[in-house]
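Reminder, nothing fancy here: chain letters follow the sequence lines and each chain counts from 1.
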2 protein chains.
Amino acid sequence: MRVSTRVEYGLMALVDIAIHSENGESVSTTEIADRQKISQKYLEQILPQLRQAGLIKAQKGLRGGYRLGKPAEEVLLADVFNALDDSILAEMESPREEGDGALRGCINECLWEKINKNLSDFAKGKTLSEFLIECRNKSIRGWDMYVI
Amino acid sequence: MRVSTRVEYGLMALVDIAIHSENGESVSTTEIADRQKISQKYLEQILPQLRQAGLIKAQKGLRGGYRLGKPAEEVLLADVFNALDDSILAEMESPREEGDGALRGCINECLWEKINKNLSDFAKGKTLSEFLIECRNKSIRGWDMYVI
DNA sequence: CATATACCTACTATGTCAATAGGTATTTAT
DNA sequence: ATAAATACCTATTGACATAGTAGGTATATG
């Protein structure tokens, strides 16, 4: 399954912000774009969406930037999905035109709804802080590199 | 999460074929398209893909059509996915350009790979026959309608 | 006052999706 | 033999989404 770069970049930005705002300072788009090798102009479209969803807070002006909008324990993967991608947690549209046997509706109930529920449950159970810890455990070296 | 109409139509066709070839006769594209209200010309692009994957067998010529290529117990949802959609069970591409902290790779391992594994496990555990039974149990009336 | 920042809107190039269209080869029924 | 119905193949199209690019405005800070 393919995840859009919007979501991927948004998640990377969230992690970057979480790590680099620990000292109390805001993290600017420029910093994130440089560190994570993401187009700055593209990021500038993504971050306001995360802000509108309440996941980050913005500070305008010189020395401004972003911080988390709530504790990392309360930022869910599902929130990121919903903020950045209309379709990823959306269920299939209701069947357009049914044939004789309502087969389409049956497939919808038996399969797509279950698949979407699985995905949704996973995303609702995954917090940013959990994710940070998981990544950290994977590689101390990697973690050090984040902080540098 | 959105599933392509190719996959949806392919699945509907499989079910239709399974049901209507029980008497030993082949099921033609025309029949399926009519019953399920799917564009016939579009179906004509989908069914050969299912045949190449071994899920159905084709019989050319007058009175020809399709039958299952193997018992319904051995037809997996994952097979349908793989036959009709390159991306649905494909993992994310390997990260293009890593920033300082290999964050992208970490996100890949911690999230996308898990999500894909969940989906893949579900799809590999779901057989066509299971699905037929589930649909049947949902509504006797619906089932009758299939068979008519 | 200069600068660095968030934020906003428009544009573009590329690709994918969902069909549509027309034609060929093959098998069966008559 | 012939006609009809079928699978199969290839090309084309219109709409839409994706992944950016570009330029400009408002705002807070030093």
Side-chain angles (χ1 to χ4, degrees), chain A residues 1-10 12-13 17 20-21 25-34 36-53 55-67 69 83-88 90 92-93 95-97 104, chain B residues 1-10 12-13 17 20-21 25-34 36-53 55-67 69 83-88 90 92-93 95-97 104:
Chain A
M1 171 189 171
R2 189 185 144 275
V3 177
S4 66
T5 60
R6 281 190 97 80
V7 169
E8 198 174 8
Y9 293 166
M12 289 166 71
I17 291 167
H20 291 93
S21 63
E25 294 207 332
S26 294
V27 184
S28 73
T29 334
T30 315
E31 287 181 71
I32 305 172
D34 284 351
Q36 306 303 334
K37 300 272 188 293
I38 300 172
S39 151
Q40 177 172 347
K41 276 302 197 179
Y42 193 28
L43 251 191
E44 282 180 359
Q45 293 175 342
I46 295 171
L47 295 181
Q49 287 185 276
L50 293 178
R51 180 185 53 83
Q52 281 165 27
L55 307 186
I56 53 179
K57 282 179 190 164
Q59 166 74 27
K60 285 188 182 180
L62 187 57
R63 288 276 191 170
Y66 295 96
R67 301 169 206 208
L84 298 177
D85 192 318
D86 286 340
S87 71
I88 195 164
M92 300 273 295
E93 320 85 54
R96 311 156 203 205
E97 195 175 1
R104 195 174 198 142
Chain B
M1 170 190 171
R2 187 185 147 276
V3 177
S4 66
T5 59
R6 282 190 97 80
V7 169
E8 200 174 6
Y9 293 166
M12 290 166 70
I17 292 167
H20 292 92
S21 63
E25 294 208 331
S26 294
V27 184
S28 74
T29 334
T30 315
E31 286 180 71
I32 305 172
D34 284 352
Q36 306 303 336
K37 300 274 188 293
I38 300 172
S39 150
Q40 177 173 348
K41 276 301 198 179
Y42 193 28
L43 251 190
E44 282 180 359
Q45 293 174 342
I46 296 171
L47 295 181
Q49 289 185 277
L50 293 179
R51 179 185 53 83
Q52 281 164 26
L55 307 186
I56 53 179
K57 282 179 190 165
Q59 167 74 28
K60 286 188 182 180
L62 186 56
R63 288 275 191 169
Y66 294 97
R67 302 170 204 206
L84 298 177
D85 192 317
D86 287 339
S87 71
I88 196 166
M92 300 274 293
E93 321 84 56
R96 312 156 203 205
E97 196 175 0
R104 195 173 199 144

Nucleotide [N], atom [atom2] - distance to [atom1] of [X] in whole Å:
X      : N       : atom1 : atom2 : answer
L43(B) : dA7(D)  : CG    : P     : 10 Å
Q36(B) : dA19(C) : CD    : C1'   : 18 Å
I88(A) : dA17(D) : CD1   : P     : 16 Å
E25(B) : dA7(D)  : CD    : C1'   : 17 Å
Q52(A) : dC7(C)  : CD    : P     : 9 Å
I17(B) : dT6(D)  : CD1   : C1'   : 14 Å
E31(B) : dA5(D)  : CD    : P     : 13 Å
K57(B) : dT26(C) : NZ    : P     : 21 Å

Where is the tightest heavy-atom contact between [X] and [Y], given as atom of each residue plus distance?
X      : Y      : answer
L50(A) : G10(A) : CD1-O, 3.8 Å
I38(B) : M12(B) : CD1-CE, 4.1 Å
I88(B) : D85(B) : N-OD1, 3.1 Å
S39(B) : A33(B) : C-CB, 4.5 Å
L47(B) : I56(B) : O-CD1, 3.5 Å
R67(B) : S26(B) : NE-OG, 3.0 Å

Counting only side-chain N and O atoms of [X], is one of them less than 4.0 Å from OP1 or OP2 of [N]?
X      : N       : value
R67(B) : dA7(D)  : no
S4(B)  : dC17(C) : no
Y66(A) : dC7(C)  : yes
R2(A)  : dT16(C) : no

Checklist entry - CD1/I32(B) to CD/E44(B) distance, rounded to the nearest 0.5 angstrom? => result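 If I round to the nearest 0.5 Å, the distance is 10.5 Å.
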Checklist entry - Is the shortest heavy-atom distance from the side chain of E25(A) to the side chain of H20(A) under 4.5 Å? => result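 They are not in contact (no side-chain heavy atoms under 4.5 Å apart), so the answer is no.
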Item to check | K37(A) and R104(B), any side-chain heavy atoms less than 4.5 Å apart | outcome: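 With C-beta onward as the side chain, the pair stays apart.
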Checklist entry - Quick one: what's the B/S/- string for nucleotides 21-30 of chain D, heavy-atom cutoff under 4.0 Å, read 5' to 3'? => result BBBB--BBBS
Next on the checklist: Taking Watson-Crick (N1-N3 plus N6-O4 or O6-N4) and G-U wobble (N1-O2, O6-N3), each under 3.5 Å, can you produce the dot-bracket string of DNA chain C? Use [ ] for crossing pairs and | for inter-strand ones.
Outcome noted: ||||||||||||||||||||||||||||||
Next on the checklist: Classify S26(A) by what it touches in the nucleic acid, base, sugar-phosphate, or nothing, heavy-atom distance under 4.0 Å.
Outcome noted: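 No contact.
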